[in-house]
Amino acid sequence: MTDTATPSPPAASERYALNPMYLFRWEPTQDSHVLLYPEGIVKLNQTAGDIIERCDGQRTVAELVAELQLRYPGDDARVAEGVYKFLEVFRAKGWIRRQA
Amino acid sequence: MPKDGSVVRLDGQGKPLWLVLELTYRCPLKCPWCSNPVDYTRDAQAELSTAEWKRVLREGRELGALQLGFTGGEPLLREDLEELVAEASALGYYTNLITSGVGLSEERLLALKAAGLNQIQLSLQSSERALTDTLVGARAFDLKIKVAHLIKAHGFPMVLNVPVFRHNIGQVEEILALAEDIGVDYLEFANIQYYNWAMVNRDELLPSLEQLQTAERAVQAARERLGQRMTIYFVIPDYYEGRPKACMNGWGAIHLTIAPDGVAMPCQEARIIEGLDFPSIRDKSLAWLWNESPTFRKFRGDEWMSPTCRSCDEKEKDFGGCRCQAFLLTGDAANTDPACARSPHHHLITAAIARAHAPGRRAQPLVLRNDRNARLLGANRGCATGGCADGAAADSDAALAVVEVDHV
(Lines give C-alpha, C1' and ligand atoms only; values in the text may rest on other atoms or scores of the structure.)
Protein backbone atom coordinates (compact mmCIF):
# COMPACT_ATOMS: atom_id res chain seq x y z
CA MET A 1 0.00 0.00 0.00
CA THR A 2 1.35 3.42 -0.85
CA ASP A 3 0.46 6.74 0.65
CA THR A 4 -0.43 8.58 -2.51
CA ALA A 5 -1.48 11.75 -0.70
CA THR A 6 1.92 12.40 0.93
CA PRO A 7 4.67 10.63 -0.94
CA SER A 8 7.56 12.81 0.29
CA PRO A 9 10.06 11.19 2.70
CA PRO A 10 10.10 12.18 6.40
CA ALA A 11 11.82 15.46 7.23
CA ALA A 12 13.68 16.51 10.40
CA SER A 13 11.14 19.10 11.53
CA GLU A 14 8.08 16.85 11.14
CA ARG A 15 6.22 15.07 13.90
CA TYR A 16 4.64 11.64 13.66
CA ALA A 17 1.93 10.02 15.74
CA LEU A 18 0.50 6.52 15.94
CA ASN A 19 -2.53 5.96 13.74
CA PRO A 20 -5.39 5.73 16.28
CA MET A 21 -6.53 2.55 14.53
CA TYR A 22 -3.59 0.76 16.10
CA LEU A 23 -2.97 -0.23 19.68
CA PHE A 24 0.73 -0.20 20.61
CA ARG A 25 1.83 -1.98 23.73
CA TRP A 26 4.31 -4.25 25.43
CA GLU A 27 3.22 -7.89 25.27
CA PRO A 28 4.90 -10.05 27.91
CA THR A 29 3.97 -13.36 26.25
CA GLN A 30 5.89 -12.25 23.13
CA ASP A 31 8.63 -10.43 25.04
CA SER A 32 8.25 -7.55 22.60
CA HIS A 33 6.19 -4.57 21.58
CA VAL A 34 3.19 -5.35 19.40
CA LEU A 35 0.76 -3.41 17.25
CA LEU A 36 -2.78 -4.70 17.50
CA TYR A 37 -5.48 -3.71 15.04
CA PRO A 38 -8.71 -5.16 13.67
CA GLU A 39 -7.94 -8.83 13.14
CA GLY A 40 -4.21 -8.23 13.03
CA ILE A 41 -1.04 -8.45 15.07
CA VAL A 42 2.40 -7.12 14.26
CA LYS A 43 5.24 -8.13 16.51
CA LEU A 44 7.87 -5.42 16.46
CA ASN A 45 11.58 -5.92 16.81
CA GLN A 46 13.34 -3.79 19.39
CA THR A 47 14.34 -0.95 17.08
CA ALA A 48 10.88 -0.70 15.54
CA GLY A 49 9.37 -0.63 19.04
CA ASP A 50 11.83 2.08 20.12
CA ILE A 51 10.83 4.26 17.19
CA ILE A 52 7.07 3.79 17.37
CA GLU A 53 7.09 4.38 21.12
CA ARG A 54 8.46 7.84 20.32
CA CYS A 55 5.94 8.66 17.59
CA ASP A 56 3.84 10.63 20.05
CA GLY A 57 2.98 13.65 17.92
CA GLN A 58 5.22 15.81 20.15
CA ARG A 59 8.80 14.92 19.28
CA THR A 60 10.22 16.05 15.97
CA VAL A 61 11.99 13.54 13.76
CA ALA A 62 15.28 15.28 14.62
CA GLU A 63 14.63 14.80 18.35
CA LEU A 64 13.66 11.18 17.77
CA VAL A 65 16.89 10.56 15.88
CA ALA A 66 18.93 12.18 18.66
CA GLU A 67 17.32 9.96 21.29
CA LEU A 68 17.95 6.82 19.28
CA GLN A 69 21.57 7.89 18.72
CA LEU A 70 21.97 8.11 22.50
CA ARG A 71 20.34 4.73 22.95
CA TYR A 72 22.45 3.07 20.25
CA PRO A 73 25.82 4.85 20.45
CA GLY A 74 28.52 4.20 17.88
CA ASP A 75 27.44 5.00 14.37
CA ASP A 76 25.21 8.10 14.40
CA ALA A 77 24.88 8.28 10.63
CA ARG A 78 23.67 4.69 10.42
CA VAL A 79 21.15 5.19 13.23
CA ALA A 80 19.79 8.33 11.56
CA GLU A 81 19.51 6.59 8.23
CA GLY A 82 17.74 3.67 9.88
CA VAL A 83 15.20 5.88 11.65
CA TYR A 84 14.32 7.74 8.45
CA LYS A 85 13.95 4.48 6.56
CA PHE A 86 11.76 2.91 9.26
CA LEU A 87 9.53 6.01 9.50
CA GLU A 88 8.95 5.92 5.78
CA VAL A 89 8.06 2.22 5.87
CA PHE A 90 5.77 2.63 8.89
CA ARG A 91 3.96 5.53 7.30
CA ALA A 92 3.49 3.61 4.07
CA LYS A 93 2.00 0.78 6.11
CA GLY A 94 -0.38 3.23 7.75
CA TRP A 95 0.89 2.61 11.29
CA ILE A 96 1.93 6.23 11.86
CA ARG A 97 0.74 9.52 10.49
CA ARG A 98 2.46 12.81 9.84
CA GLN A 99 1.05 15.50 12.10
CA ALA A 100 -0.31 18.60 10.39
CA MET B 1 -8.14 -14.26 9.22
CA PRO B 2 -4.65 -12.90 9.74
CA LYS B 3 -3.51 -10.49 7.10
CA ASP B 4 -0.11 -9.01 6.64
CA GLY B 5 2.59 -9.51 9.25
CA SER B 6 5.82 -7.69 8.68
CA VAL B 7 8.96 -6.19 10.22
CA VAL B 8 8.99 -9.30 12.32
CA ARG B 9 6.76 -11.98 10.97
CA LEU B 10 4.71 -13.38 13.78
CA ASP B 11 4.56 -17.10 13.87
CA GLY B 12 2.72 -18.50 16.82
CA GLN B 13 5.74 -20.14 18.45
CA GLY B 14 3.17 -22.72 19.43
CA LYS B 15 0.75 -20.17 20.91
CA PRO B 16 -2.92 -19.83 19.97
CA LEU B 17 -2.62 -16.13 19.12
CA TRP B 18 -6.18 -15.99 17.80
CA LEU B 19 -8.97 -17.10 20.01
CA VAL B 20 -12.45 -17.07 18.50
CA LEU B 21 -15.50 -17.55 20.68
CA GLU B 22 -18.67 -18.61 18.95
CA LEU B 23 -20.89 -17.46 21.78
CA THR B 24 -24.06 -18.88 20.27
CA TYR B 25 -25.40 -20.38 17.05
CA ARG B 26 -28.63 -18.44 17.49
CA CYS B 27 -29.06 -15.70 14.89
CA PRO B 28 -31.87 -13.46 13.67
CA LEU B 29 -30.63 -13.78 10.07
CA LYS B 30 -30.90 -16.75 7.72
CA CYS B 31 -27.92 -16.30 5.40
CA PRO B 32 -27.69 -19.20 2.94
CA TRP B 33 -23.84 -19.09 3.06
CA CYS B 34 -23.62 -19.27 6.87
CA SER B 35 -20.47 -20.98 8.14
CA ASN B 36 -22.23 -22.50 11.16
CA PRO B 37 -22.88 -26.24 11.00
CA VAL B 38 -25.92 -27.22 8.91
CA ASP B 39 -27.20 -29.13 11.95
CA TYR B 40 -26.57 -26.25 14.36
CA THR B 41 -29.82 -26.89 16.22
CA ARG B 42 -28.52 -30.21 17.50
CA ASP B 43 -26.85 -28.89 20.65
CA ALA B 44 -28.84 -25.69 21.01
CA GLN B 45 -29.37 -26.14 24.74
CA ALA B 46 -25.70 -26.61 25.50
CA GLU B 47 -24.31 -23.03 25.37
CA LEU B 48 -21.53 -22.30 27.83
CA SER B 49 -22.41 -20.20 30.85
CA THR B 50 -20.86 -16.81 31.60
CA ALA B 51 -18.54 -18.40 34.15
CA GLU B 52 -17.43 -21.05 31.65
CA TRP B 53 -16.65 -18.44 28.98
CA LYS B 54 -14.65 -16.47 31.53
CA ARG B 55 -12.62 -19.57 32.27
CA VAL B 56 -11.89 -19.92 28.54
CA LEU B 57 -10.77 -16.27 28.45
CA ARG B 58 -8.40 -16.70 31.39
CA GLU B 59 -6.90 -19.92 30.14
CA GLY B 60 -6.55 -18.54 26.60
CA ARG B 61 -4.58 -15.57 27.83
CA GLU B 62 -2.32 -17.88 29.83
CA LEU B 63 -1.61 -19.74 26.59
CA GLY B 64 -0.58 -16.45 24.94
CA ALA B 65 -3.75 -15.56 23.00
CA LEU B 66 -3.77 -11.90 21.93
CA GLN B 67 -6.56 -11.38 19.44
CA LEU B 68 -10.05 -12.28 20.51
CA GLY B 69 -13.13 -12.56 18.32
CA PHE B 70 -16.66 -12.62 19.70
CA THR B 71 -18.80 -14.18 17.04
CA GLY B 72 -21.71 -16.59 16.55
CA GLY B 73 -24.44 -16.84 15.36
CA GLU B 74 -25.15 -13.37 16.54
CA PRO B 75 -23.08 -12.65 19.69
CA LEU B 76 -25.38 -9.76 20.67
CA LEU B 77 -28.00 -12.36 21.55
CA ARG B 78 -25.90 -13.17 24.61
CA GLU B 79 -26.92 -10.77 27.33
CA ASP B 80 -23.57 -11.29 29.03
CA LEU B 81 -21.61 -10.00 26.01
CA GLU B 82 -20.66 -6.74 27.76
CA GLU B 83 -19.54 -8.67 30.84
CA LEU B 84 -17.37 -10.98 28.71
CA VAL B 85 -15.87 -8.04 26.80
CA ALA B 86 -14.99 -6.35 30.08
CA GLU B 87 -13.32 -9.51 31.35
CA ALA B 88 -11.40 -9.91 28.08
CA SER B 89 -10.23 -6.30 28.13
CA ALA B 90 -9.04 -6.64 31.72
CA LEU B 91 -7.06 -9.71 30.71
CA GLY B 92 -5.31 -7.78 27.92
CA TYR B 93 -6.94 -9.10 24.76
CA TYR B 94 -7.54 -7.00 21.65
CA THR B 95 -11.29 -7.49 21.38
CA ASN B 96 -13.17 -7.79 18.07
CA LEU B 97 -16.96 -8.01 17.84
CA ILE B 98 -18.14 -9.76 14.70
CA THR B 99 -21.81 -8.95 14.23
CA SER B 100 -24.73 -8.69 11.84
CA GLY B 101 -25.60 -5.44 13.62
CA VAL B 102 -29.03 -6.71 14.58
CA GLY B 103 -29.51 -5.80 18.23
CA LEU B 104 -26.73 -3.21 18.34
CA SER B 105 -28.55 -0.27 19.92
CA GLU B 106 -26.79 2.94 20.91
CA GLU B 107 -27.20 1.90 24.52
CA ARG B 108 -25.36 -1.37 23.95
CA LEU B 109 -22.68 0.39 21.89
CA LEU B 110 -21.99 2.69 24.83
CA ALA B 111 -21.88 -0.26 27.22
CA LEU B 112 -19.49 -2.14 24.92
CA LYS B 113 -17.29 0.95 24.64
CA ALA B 114 -17.21 1.23 28.42
CA ALA B 115 -16.32 -2.47 28.63
CA GLY B 116 -13.27 -1.77 26.46
CA LEU B 117 -14.30 -3.23 23.12
CA ASN B 118 -11.57 -2.41 20.56
CA GLN B 119 -13.28 -2.84 17.20
CA ILE B 120 -16.45 -3.89 15.43
CA GLN B 121 -16.81 -5.92 12.27
CA LEU B 122 -20.20 -5.41 10.70
CA SER B 123 -21.50 -7.55 7.84
CA LEU B 124 -23.22 -6.11 4.81
CA GLN B 125 -24.51 -8.28 1.99
CA SER B 126 -25.45 -5.85 -0.71
CA SER B 127 -25.76 -2.17 -1.58
CA GLU B 128 -29.45 -2.75 -2.33
CA ARG B 129 -32.10 -2.86 0.34
CA ALA B 130 -34.38 -5.39 -1.36
CA LEU B 131 -31.60 -7.81 -2.27
CA THR B 132 -30.06 -7.63 1.22
CA ASP B 133 -33.34 -8.29 2.95
CA THR B 134 -34.15 -11.19 0.63
CA LEU B 135 -30.74 -12.80 0.98
CA VAL B 136 -30.62 -12.66 4.78
CA GLY B 137 -34.30 -13.49 5.20
CA ALA B 138 -35.08 -10.44 7.34
CA ARG B 139 -35.54 -6.70 7.07
CA ALA B 140 -31.96 -5.83 7.88
CA PHE B 141 -30.58 -3.32 5.36
CA ASP B 142 -31.80 -0.04 6.87
CA LEU B 143 -30.85 -1.22 10.31
CA LYS B 144 -27.34 -2.18 9.20
CA ILE B 145 -26.71 1.21 7.61
CA LYS B 146 -27.95 2.96 10.73
CA VAL B 147 -25.77 0.78 12.94
CA ALA B 148 -22.75 1.41 10.69
CA HIS B 149 -23.07 5.17 11.18
CA LEU B 150 -23.55 4.70 14.93
CA ILE B 151 -20.39 2.60 15.19
CA LYS B 152 -18.36 5.36 13.55
CA ALA B 153 -20.10 8.08 15.55
CA HIS B 154 -18.84 6.36 18.69
CA GLY B 155 -15.30 6.20 17.41
CA PHE B 156 -14.83 2.47 16.97
CA PRO B 157 -12.42 1.24 14.33
CA MET B 158 -14.65 -0.58 11.91
CA VAL B 159 -14.39 -3.39 9.42
CA LEU B 160 -17.21 -3.69 6.93
CA ASN B 161 -17.30 -7.31 5.89
CA VAL B 162 -19.01 -8.15 2.63
CA PRO B 163 -19.42 -11.84 1.86
CA VAL B 164 -19.06 -12.10 -1.93
CA PHE B 165 -21.02 -14.46 -4.15
CA ARG B 166 -22.84 -14.46 -7.46
CA HIS B 167 -25.71 -12.21 -6.39
CA ASN B 168 -23.61 -9.28 -5.15
CA ILE B 169 -20.28 -9.54 -6.96
CA GLY B 170 -21.43 -6.97 -9.51
CA GLN B 171 -21.98 -4.37 -6.78
CA VAL B 172 -18.38 -3.73 -5.80
CA GLU B 173 -18.47 -0.07 -6.82
CA GLU B 174 -21.79 0.65 -5.13
CA ILE B 175 -20.60 -1.03 -1.94
CA LEU B 176 -17.36 0.95 -2.06
CA ALA B 177 -19.36 4.18 -2.32
CA LEU B 178 -21.48 3.15 0.67
CA ALA B 179 -18.40 2.28 2.70
CA GLU B 180 -16.81 5.63 1.85
CA ASP B 181 -19.94 7.45 2.91
CA ILE B 182 -20.01 5.60 6.24
CA GLY B 183 -16.29 6.19 6.73
CA VAL B 184 -15.28 2.59 7.39
CA ASP B 185 -11.62 1.94 8.05
CA TYR B 186 -11.37 -1.53 6.55
CA LEU B 187 -13.53 -2.91 3.79
CA GLU B 188 -13.26 -6.64 3.38
CA PHE B 189 -14.66 -8.31 0.31
CA ALA B 190 -14.62 -11.91 1.45
CA ASN B 191 -15.45 -14.37 -1.27
CA ILE B 192 -17.44 -16.95 0.60
CA GLN B 193 -15.89 -20.33 1.18
CA TYR B 194 -17.81 -23.41 0.33
CA TYR B 195 -18.52 -25.30 3.53
CA ASN B 196 -21.71 -25.97 5.47
CA TRP B 197 -24.62 -23.78 4.27
CA ALA B 198 -22.57 -22.28 1.43
CA MET B 199 -21.82 -25.81 0.23
CA VAL B 200 -25.51 -26.68 0.23
CA ASN B 201 -26.06 -23.61 -2.00
CA ARG B 202 -22.82 -23.76 -3.96
CA ASP B 203 -24.31 -24.06 -7.45
CA GLU B 204 -26.31 -20.88 -6.87
CA LEU B 205 -23.61 -18.84 -5.11
CA LEU B 206 -20.34 -19.57 -6.92
CA PRO B 207 -19.42 -16.61 -9.15
CA SER B 208 -17.75 -16.99 -12.53
CA LEU B 209 -14.10 -16.20 -13.25
CA GLU B 210 -15.15 -13.24 -15.40
CA GLN B 211 -17.23 -11.81 -12.54
CA LEU B 212 -14.27 -12.18 -10.18
CA GLN B 213 -11.87 -10.48 -12.52
CA THR B 214 -14.22 -7.55 -13.02
CA ALA B 215 -14.68 -7.20 -9.26
CA GLU B 216 -10.95 -7.35 -8.63
CA ARG B 217 -10.31 -4.60 -11.17
CA ALA B 218 -12.85 -2.36 -9.44
CA VAL B 219 -11.14 -3.02 -6.09
CA GLN B 220 -7.72 -2.20 -7.54
CA ALA B 221 -8.98 1.09 -8.99
CA ALA B 222 -10.54 2.00 -5.63
CA ARG B 223 -7.28 1.26 -3.79
CA GLU B 224 -5.43 3.66 -6.05
CA ARG B 225 -8.08 6.32 -5.62
CA LEU B 226 -8.48 6.05 -1.85
CA GLY B 227 -4.86 5.53 -0.73
CA GLN B 228 -4.70 5.28 3.04
CA ARG B 229 -8.23 6.49 3.71
CA MET B 230 -9.58 2.98 3.55
CA THR B 231 -7.87 -0.40 3.55
CA ILE B 232 -9.56 -2.77 1.13
CA TYR B 233 -9.10 -6.51 1.32
CA PHE B 234 -10.22 -8.79 -1.44
CA VAL B 235 -10.10 -12.41 -0.35
CA ILE B 236 -9.75 -14.54 -3.46
CA PRO B 237 -11.84 -17.70 -3.69
CA ASP B 238 -9.55 -20.70 -3.75
CA TYR B 239 -11.69 -22.41 -6.39
CA TYR B 240 -10.14 -20.09 -8.98
CA GLU B 241 -6.64 -19.73 -7.60
CA GLY B 242 -5.03 -22.99 -8.57
CA ARG B 243 -3.13 -22.68 -5.29
CA PRO B 244 -4.67 -23.69 -1.95
CA LYS B 245 -5.13 -21.12 0.79
CA ALA B 246 -2.73 -21.25 3.75
CA CYS B 247 -5.76 -22.18 5.77
CA MET B 248 -5.61 -20.87 9.35
CA ASN B 249 -1.82 -20.56 8.89
CA GLY B 250 -1.75 -24.30 9.38
CA TRP B 251 -3.85 -26.63 11.50
CA GLY B 252 -3.52 -25.91 15.18
CA ALA B 253 -0.79 -23.32 14.51
CA ILE B 254 -2.23 -20.02 15.76
CA HIS B 255 -6.04 -20.38 15.64
CA LEU B 256 -8.27 -21.73 18.34
CA THR B 257 -12.06 -21.61 18.05
CA ILE B 258 -14.48 -22.50 20.80
CA ALA B 259 -17.99 -23.55 19.72
CA PRO B 260 -21.10 -22.54 21.74
CA ASP B 261 -21.00 -25.85 23.62
CA GLY B 262 -17.31 -25.46 24.50
CA VAL B 263 -15.88 -27.75 21.83
CA ALA B 264 -12.36 -26.67 20.85
CA MET B 265 -11.57 -26.59 17.13
CA PRO B 266 -8.61 -25.53 14.97
CA CYS B 267 -11.11 -23.60 12.81
CA GLN B 268 -14.82 -22.89 12.74
CA GLU B 269 -15.53 -25.65 10.24
CA ALA B 270 -13.37 -28.44 11.68
CA ARG B 271 -16.26 -30.32 13.25
CA ILE B 272 -17.39 -31.50 9.81
CA ILE B 273 -14.40 -33.86 9.68
CA GLU B 274 -15.62 -37.28 10.64
CA GLY B 275 -13.50 -39.58 12.73
CA LEU B 276 -11.96 -36.83 14.85
CA ASP B 277 -12.81 -36.44 18.50
CA PHE B 278 -13.86 -32.95 19.61
CA PRO B 279 -13.79 -32.64 23.40
CA SER B 280 -15.21 -29.61 25.16
CA ILE B 281 -13.62 -27.25 27.65
CA ARG B 282 -16.19 -28.72 30.02
CA ASP B 283 -14.11 -31.90 30.03
CA LYS B 284 -10.56 -30.64 29.61
CA SER B 285 -8.37 -27.60 30.21
CA LEU B 286 -7.74 -25.30 27.27
CA ALA B 287 -4.00 -26.05 27.58
CA TRP B 288 -4.66 -29.77 27.19
CA LEU B 289 -6.97 -29.21 24.25
CA TRP B 290 -4.44 -27.01 22.46
CA ASN B 291 -1.23 -28.83 23.32
CA GLU B 292 -2.18 -32.45 23.86
CA SER B 293 -5.45 -33.32 22.19
CA PRO B 294 -5.05 -35.85 19.36
CA THR B 295 -7.31 -33.70 17.18
CA PHE B 296 -5.10 -30.62 17.39
CA ARG B 297 -1.93 -32.69 16.94
CA LYS B 298 -3.33 -34.62 14.01
CA PHE B 299 -2.37 -32.24 11.18
CA ARG B 300 0.49 -30.27 12.72
CA GLY B 301 3.86 -30.43 10.96
CA ASP B 302 4.11 -32.45 7.74
CA GLU B 303 4.13 -36.11 8.77
CA TRP B 304 0.44 -36.49 8.02
CA MET B 305 0.85 -35.14 4.49
CA SER B 306 0.26 -37.08 1.32
CA PRO B 307 3.32 -37.57 -0.92
CA THR B 308 1.92 -34.78 -3.16
CA CYS B 309 2.24 -32.28 -0.32
CA ARG B 310 5.26 -33.64 1.51
CA SER B 311 7.44 -33.42 -1.59
CA CYS B 312 6.04 -29.99 -2.58
CA ASP B 313 8.29 -26.92 -2.42
CA GLU B 314 5.31 -24.81 -1.30
CA LYS B 315 4.31 -26.87 1.72
CA GLU B 316 5.79 -24.27 4.11
CA LYS B 317 3.69 -21.64 2.38
CA ASP B 318 0.23 -23.22 2.21
CA PHE B 319 0.52 -26.22 4.60
CA GLY B 320 -1.32 -28.37 2.07
CA GLY B 321 -4.37 -26.09 2.10
CA CYS B 322 -7.54 -26.74 4.03
CA ARG B 323 -8.15 -30.02 5.90
CA CYS B 324 -11.90 -29.46 5.98
CA GLN B 325 -12.09 -28.88 2.25
CA ALA B 326 -9.99 -31.99 1.62
CA PHE B 327 -12.42 -34.01 3.74
CA LEU B 328 -15.52 -32.40 2.31
CA LEU B 329 -14.57 -33.03 -1.31
CA THR B 330 -12.45 -36.18 -1.18
CA GLY B 331 -13.60 -37.89 2.01
CA ASP B 332 -10.08 -37.89 3.50
CA ALA B 333 -8.87 -34.88 5.49
CA ALA B 334 -5.22 -35.84 4.96
CA ASN B 335 -5.44 -35.46 1.20
CA THR B 336 -4.04 -32.44 -0.60
CA ASP B 337 -6.66 -29.70 -0.73
CA PRO B 338 -8.39 -30.18 -4.12
CA ALA B 339 -8.15 -26.43 -4.69
CA CYS B 340 -4.48 -27.09 -5.43
CA ALA B 341 -3.83 -27.68 -9.12
CA ARG B 342 -1.30 -30.37 -8.10
CA SER B 343 -3.96 -32.34 -6.23
CA PRO B 344 -5.04 -35.58 -7.92
CA HIS B 345 -8.57 -34.47 -6.98
CA HIS B 346 -8.40 -31.01 -8.55
CA HIS B 347 -10.95 -32.11 -11.16
CA LEU B 348 -13.58 -31.94 -8.38
CA ILE B 349 -13.07 -28.19 -8.26
CA THR B 350 -13.12 -27.62 -12.00
CA ALA B 351 -16.19 -29.85 -12.28
CA ALA B 352 -17.97 -27.86 -9.56
CA ILE B 353 -17.25 -24.61 -11.41
CA ALA B 354 -18.43 -26.09 -14.70
CA ARG B 355 -21.60 -27.43 -13.09
CA ALA B 356 -22.47 -24.12 -11.42
CA HIS B 357 -22.15 -22.32 -14.75
CA ALA B 358 -23.39 -24.96 -17.14
CA PRO B 359 -25.47 -23.44 -19.93
CA GLY B 360 -29.13 -24.23 -19.38
CA ARG B 361 -28.65 -25.14 -15.72
CA ARG B 362 -31.93 -24.71 -13.84
CA ALA B 363 -31.57 -22.32 -10.93
CA GLN B 364 -32.70 -23.62 -7.56
CA PRO B 365 -34.07 -21.55 -4.70
CA LEU B 366 -31.49 -20.79 -2.02
CA VAL B 367 -31.71 -22.97 1.08
CA LEU B 368 -31.93 -20.45 3.89
CA ARG B 369 -30.25 -21.13 7.20
CA ASN B 370 -33.11 -21.59 9.63
CA ASP B 371 -34.06 -24.04 12.36
CA ARG B 372 -36.38 -26.10 10.20
CA ASN B 373 -33.84 -26.56 7.42
CA ALA B 374 -31.16 -27.29 10.02
CA ARG B 375 -33.23 -30.11 11.45
CA LEU B 376 -33.91 -31.54 8.01
CA LEU B 377 -30.30 -31.25 6.89
CA GLY B 378 -29.15 -32.62 10.24
CA ALA B 379 -31.27 -35.72 9.74
CA ASN B 380 -29.62 -36.07 6.34
CA ARG B 381 -26.18 -35.17 7.68
CA GLY B 382 -24.04 -37.61 5.72
CA CYS B 383 -24.97 -35.90 2.50
CA ALA B 384 -25.36 -32.33 3.59
CA THR B 385 -21.82 -32.21 4.95
CA GLY B 386 -20.37 -33.92 1.93
CA GLY B 387 -19.96 -37.36 3.42
CA CYS B 388 -20.67 -38.73 -0.02
CA ALA B 389 -17.30 -38.03 -1.57
CA ASP B 390 -17.17 -36.64 -5.07
CA GLY B 391 -20.77 -35.63 -4.99
CA ALA B 392 -21.02 -32.21 -3.46
CA ALA B 393 -23.45 -31.03 -6.09
CA ALA B 394 -25.41 -34.22 -6.04
CA ASP B 395 -25.44 -33.83 -2.28
CA SER B 396 -26.96 -30.42 -2.33
CA ASP B 397 -29.43 -31.55 -4.92
CA ALA B 398 -30.37 -34.45 -2.70
CA ALA B 399 -30.66 -32.05 0.21
CA LEU B 400 -32.88 -29.77 -1.80
CA ALA B 401 -35.18 -32.61 -2.58
CA VAL B 402 -35.91 -33.21 1.08
CA VAL B 403 -35.55 -29.76 2.52
CA GLU B 404 -38.52 -27.52 2.76
CA VAL B 405 -37.13 -24.39 1.30
CA ASP B 406 -37.90 -20.81 2.23
CA HIS B 407 -38.42 -19.12 -1.09
CA VAL B 408 -36.39 -16.07 -1.90
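Given the structure is predicted, the values throughout are model-derived calculations rather than measurements. In what follows, chains carry the letters A, B, and so on, assigned in the order in which the sequence lines appear, proteins first and then strands, with residues in each chain numbered from 1. Values below: every heavy atom of this structure, side chains too, minus hydrogens, waters and symmetry copies.
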What distance separates Leu66(B) CG from Leu36(A) CG, expressed to the nearest 0.5 Å?
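One finds 5.5 Å between CG of Leu66(B) and CG of Leu36(A).
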
How far does CH2 of Trp18(B) sit from CD1 of Ile41(A), to the nearest 0.5 angstrom?
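Answer rounded to 0.5 Å: 5.5 Å.
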
Search all heavy atoms of Asn96(B) against all heavy atoms of Pro38(A) and return the closest pair with its distance.
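That would be OD1-CA, 3.7 Å.
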
Minimal non-hydrogen separation, Tyr37(A) against Tyr186(B), with atom names
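Closest approach of Tyr37(A) to Tyr186(B): CD1-OH, 3.5 Å.
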
Is there a side-chain contact between Leu23(A) and Asn118(B), using heavy atoms and a 4.5 Å cut-off?
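The answer is yes; the side chains approach within 4.5 Å.
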
Portion of Arg25(A) that has a non-hydrogen atom of chain B nearer than 4.5 angstrom
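The answer is the side chain of Arg25(A).
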
Measure distances from Gln121(B) to the heavy atoms of chain A and classify the residue's part below 4.5 Å as side chain, backbone, both or neither.
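Interface part for Gln121(B): side chain.
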
Using the side chain to side chain donor-acceptor pair (under 3.5 Å) criterion, which residues pair with Tyr195(B)? Sequence neighbours excluded.
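Listed in chain order: Lys245(B).
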
Who among Gln119(B), Glu62(B), Gln67(B) has the most heavy-atom pairs with chain A under 4.5 Å?
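If we count pairs closer than 4.5 Å to chain A, Gln67(B) comes out on top.
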
Under the salt bridge (charged side-chain N to carboxylate O under 4.0 Å, His left out) rule, collect the residues that match up with Glu216(B), sequence neighbours excluded.
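With sequence neighbours excluded, Glu216(B) shows a salt bridge (charged side-chain N to carboxylate O under 4.0 Å, His left out) to no residue whatsoever.
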
Name all residues meeting the salt bridge (charged side-chain N to carboxylate O under 4.0 Å, His left out) criterion together with Glu63(A); count only those two or more places apart in sequence or in a different chain, and write none if there are none.
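Once residues adjacent in sequence are excluded, Glu63(A) has no partner under the salt bridge (charged side-chain N to carboxylate O under 4.0 Å, His left out) criterion.
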
Quick check: under 4.5 Å, non-hydrogen atoms only, which of residues 75-83 of chain A neighbour chain B?
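At a heavy-atom separation under 4.5 Å, chain B is reached by no residue of residues 75-83 of chain A.
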
